[in-house]
Amino acid sequence: MSTKHSIAAEKFNQDSGRVTRHDQTFWSVRSKRDGLAYQLEEWEQLRESANLIKKHTITHLADYLEQFETNAKKNGVHVHWAKDADEYNDIVMEIMRQHNVKKVVKSKSMLTEECHLNDNLIKHGIDVVETDLGERILQLMEIPPSHIVMPAIHVTREEVAACFREKGIIEKHGAHAAEGLLKEGEDWRTSSDPTYLTRAARYHLRDNFMEADCGMTGGNFGIAETGDIVVCTNEGNADMSTSIPKLHIVSIGLEKIIPNYKAMGVFQRLLARHGTGQATTVYTSHFRKARPGAEMHIILVDNGRSSILGNIEHWQTLKCMRCGACMNTCPVYRRSGGYSYTYFIPGPIGINLGMLKDKEANYHNCSACSLCMSCDNVCPVKVDLSTQIYKWRQELDSMGHADPLKKMTSAGMQTLFEHPSLYTTALKFAPLANHVPAFMTNIKANTWCYGHTMPEFAKESFHTLWKKGKVK
Amino acid sequence: MSSREEILNRLRGNVRETYDFPDLGFKKLEFADPVAQYIETTTTTAGARVFEIKPTDDINAKIREAYPDARIIASNIPGVLADLNPDTVERAQDLEVVDVGVIKGEVACAENGCVWVPQTMKEKAICFASETLVLIVSRKNIVSNMHEAYERIKFNDYGFGTFISGPSKTADIEQSLVYGAQAARGLTVFLTD
């Protein structure tokens, strides 16, 4: 029985060039992270501190949320609470109606993906422009992100160039963007040079920043002690989105609240090092108050998070700060791509969050794990990702989703292992299988043969060798 | 019951075991010469330039030296010859045309090149929309790591501050690093006494 993940992954693997590039891209990010880890003697102490700070905060979350709300209000910021995606979308629309918003510039937020915000804004006639370059490319191509930090990394430069041409960005900004950039003889109308394309996107997005009446951001952290919202970007798009329009709306999941600046120091040092293999993002911006003459709103979104806290086996997924390190290291993610998963967040954390959101829709992703545990070893806040995936797998049988072939094999193995005489006999005759022609063993029912040749059974078992004293 | 009450009640009801805030007293990265390390970090990985400014230097000449082609300079720092002032422009959009924004940083961090820039002007767009930035920092205010930086930073009534470590950058197209994504394309740090 194949899961949706394995079927999609098989398709992804048909283009071996793309798979290799995908694999190497993310492995290079993982390697950069390792390089930075070796430079810090306190690396493991930072990870353990991050783990403990998150555990502490999550188990005192109601108190910290109240403290955060009090301080944000003192700073003149409007605070809203949304129990689910519908209420969240309603709150956003209400604020936008009050300000007569026509155009929104938005910096990357996985929470807004989770709540399908963009579809809702478009439905209400509001023009929404993603301003992270990767997110903007995806928005123009009308495809979802395939990674939470590097969302469009699977798209080639030629595809980006074709998209920018189709959307009129090249026609409008190409000649200007090409000034002093392109090599002699290179035509800006057809160029797919990344620097040139980024420059064209810069001018295209500048136009949007200037016209927008609302800037929306997510929040990497909310600081209870001060009411700060902290947003980390390399492009400066969150800052552009909030420096020009007179309205700033922050959407933040409850679990992103941390106690104070002491905690912030720990997380600032870990986030970029884990996520992109950099010592820091270019910008770490603290939004405490609205700009002069502007308004700032923070929407605290639950959407299932408070219930996850009550899940004895999986509550620690709430520690996740969405750095993407578990995806970068995951051998299955690297070789199957983000779109092979049924949940919008892929990789080890996505498997877990998807199961917490909707088991029936997302159990398929549980097969996307070799239990190598690499994710557990890189997670900056020590979420036990692979252990949790293992636990979900134990539930699959009761959900009626265990693979019947594997169940049959397991039952057979059980009989064999519970009856020593049967086991010894089977072992004695096992080498006979060596003489069975390949076309008979290389069949669909024998999943071992998919991508492998049959193993050769030894003529004498270890058991017999031991008894004969041949084992030295 | 409001959503707020409902959420807080459910959170309180779902806690089983509680954990304490950890002791963060472990030994942290310290540089023998944080100033030298800050310059190294900023000019290599962060992709910015550092000009060491002597008290006898003419700041306006140095700005000209850093960006000889600049047409429009913006600043609200006394003594800086500027065409636009972020305190007096009518709209943030007016700063879109700026070639060089000259701003001040208060604390710099050697481990990653971050400089704390609190908002000290009406329109902070100068810090982001300017084509390039000159960031003035005193070498007396350089610390080794972010823990120390967070102990030192201060807010004023504007209620905004940002750590800036270099020019805006992206690697969103095929992982190739490009400086100058949405915000400043270039950054020159003026290191003063």
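Order of the sequence lines sets the chain letters (A, B, ...), proteins ahead of strands, with each chain counted from 1. These values consider heavy atoms only, across backbone and side chains, with no hydrogens, waters or symmetry-generated copies. This structure is a prediction, so every number in the text was calculated from the model and none was measured.
- With respect to chain A, the highest number of heavy-atom pairs below 4.5 Å among B/Ser3, B/Ala92, B/Ala149 belongs to B/Ser3.
- In this structure, chain B has heavy atoms under 4.5 Å from both the backbone and the side chain of A/Leu309.
- At a 4.5 Å heavy-atom cutoff, the contact between A/Ser307 and chain B is made by backbone and side-chain atoms alike.
- Across B/Leu187, B/Val178, B/Thr41, the residue that shares the most heavy-atom pairs under 4.5 angstrom with chain A is B/Val178.
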**Report entry** Worked verdict on B/Arg71 versus B/Asp99 for salt bridge (Lys or Arg N to Asp or Glu O under 4.0 Å)
**Finding:** CA-CA 6 Å; B/Arg71 286 156 300 172; B/Asp99 294 310; 3.6 Å; yes
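- Residue B/Lys28 places its NZ atom among more than 12 non-hydrogen atoms of other residues, nucleotides or ligands, all under 6.0 Å distant.
- Of the N and O atoms on the side chains of B/Gln175 and A/Thr25, not one donor lies less than 3.5 Å from an acceptor on the other residue.
- No close placement of the A/His248 and B/Phe160 rings is indicated, their centers lying 6.0 Å or farther apart.
- Contacts of B/Ile153 with chain A are made by side-chain atoms alone, with heavy-atom separations under 4.5 Å and no backbone atom involved.
- At a 4.5 Å heavy-atom cutoff, A/Asp84 makes no contact with chain B through either its backbone or its side chain.
- Separation of the B/Phe163 and B/Tyr150 ring centroids falls under the 6.0 Å cut-off.
- For B/Glu111, the parts lying near chain A are the backbone and the side chain together; criterion is any non-hydrogen pair under 4.5 Å.
- At a 4.5 Å heavy-atom cutoff, the contact between A/Ile244 and chain B is made by backbone and side-chain atoms alike.
- Cation-pi geometry between A/Lys289 and A/Phe287 is not met: the NZ or CZ atom fails to fall both under 6.0 Å from the ring centre and inside 45° of the normal.
- Contacts between B/Asn9 and chain A at a heavy-atom distance below 4.5 Å are absent for every atom of the residue.
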**Report entry** Audit row: B/Asp193, B/Arg139, salt bridge (Lys or Arg N to Asp or Glu O under 4.0 Å) steps and yes/no
**Finding:** CA-CA 6 Å; B/Asp193 278 349; B/Arg139 55 172 71 233; 3.7 Å; yes
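- The part of B/Gln119 that comes within reach of chain A is its side chain, from C-beta onward, which places non-hydrogen atoms under 4.5 angstrom from that chain.
- The greatest number of non-hydrogen atom pairs below 4.5 Å with chain B, out of A/Gly134, A/Pro194, A/Gly236, is found for A/Pro194.
- With a 4.5 angstrom heavy-atom cutoff, B/Ala171 touches chain A only via backbone atoms.
- Of the listed residues (B/Val117, B/Asn112, B/Leu177, B/Ile126), the one with the most heavy-atom contacts under 4.5 Å to chain A is B/Asn112.
- Heavy atoms closer than 4.5 Å to chain A are found in the side chain of B/Leu24, but not in its backbone.
- For B/Arg49 and B/Tyr67, the positive end sits near the middle of the six-membered ring, less than 6.0 Å away and at most 45° from its axis.
- For chain A, the nearby part of B/Arg16 is the side chain; its heavy atoms alone come within less than 4.5 Å.
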Query raised in the report: Could you go step by step and tell me if B/Tyr158 and B/Met121 meet the side chain to side chain contact (heavy atoms under 4.5 Å, CB included) rule?
Result: CA-CA 8 Å; B/Tyr158 278 116; B/Met121 65 292 284; 5.6 Å; no
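- Evaluation of the ring-ring contact (aromatic ring centres under 6.0 Å, His included) rule for A/His22 yields A/Phe12, A/Phe26, A/Tyr333 as partners, not counting sequence neighbours.
- In the model, A/Thr59 has no side-chain atom that pairs as donor or acceptor with a side-chain atom of B/Thr18 under 3.5 Å.
- Using a 4.5 Å cut-off between heavy atoms, A/Ala290 contacts chain B through its backbone alone, with no side-chain atom that close.
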**Report entry** Step-by-step salt bridge (Lys or Arg N to Asp or Glu O under 4.0 Å) determination, B/Arg12 to A/Glu66
**Finding:** CA-CA 12 Å; B/Arg12 291 205 162 93; A/Glu66 282 177 333; 3.0 Å; yes
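- Looking at A/Ala82, only its backbone comes within 4.5 Å of chain B, counting heavy atoms on both sides.
- No part of B/Glu148 comes within reach of chain A, as not one of its non-hydrogen atoms sits under 4.5 angstrom from that chain.
- For a residue to count as touching a neighbouring chain, one of its non-hydrogen atoms must lie under 4.5 Å from one of that chain's; by this rule B/Thr45 does not touch chain A.
- Side-chain atoms of A/Asn234 and A/Gln278 include a donor-acceptor pair closer than 3.5 Å.
- Of the two parts of B/Pro167, only the backbone, made up of N, CA, C and O, holds a non-hydrogen atom closer than 4.5 Å to a non-hydrogen atom of chain A.
- Using a 4.5 Å cut-off between heavy atoms, A/Arg157 touches chain B through backbone and side chain atoms alike.
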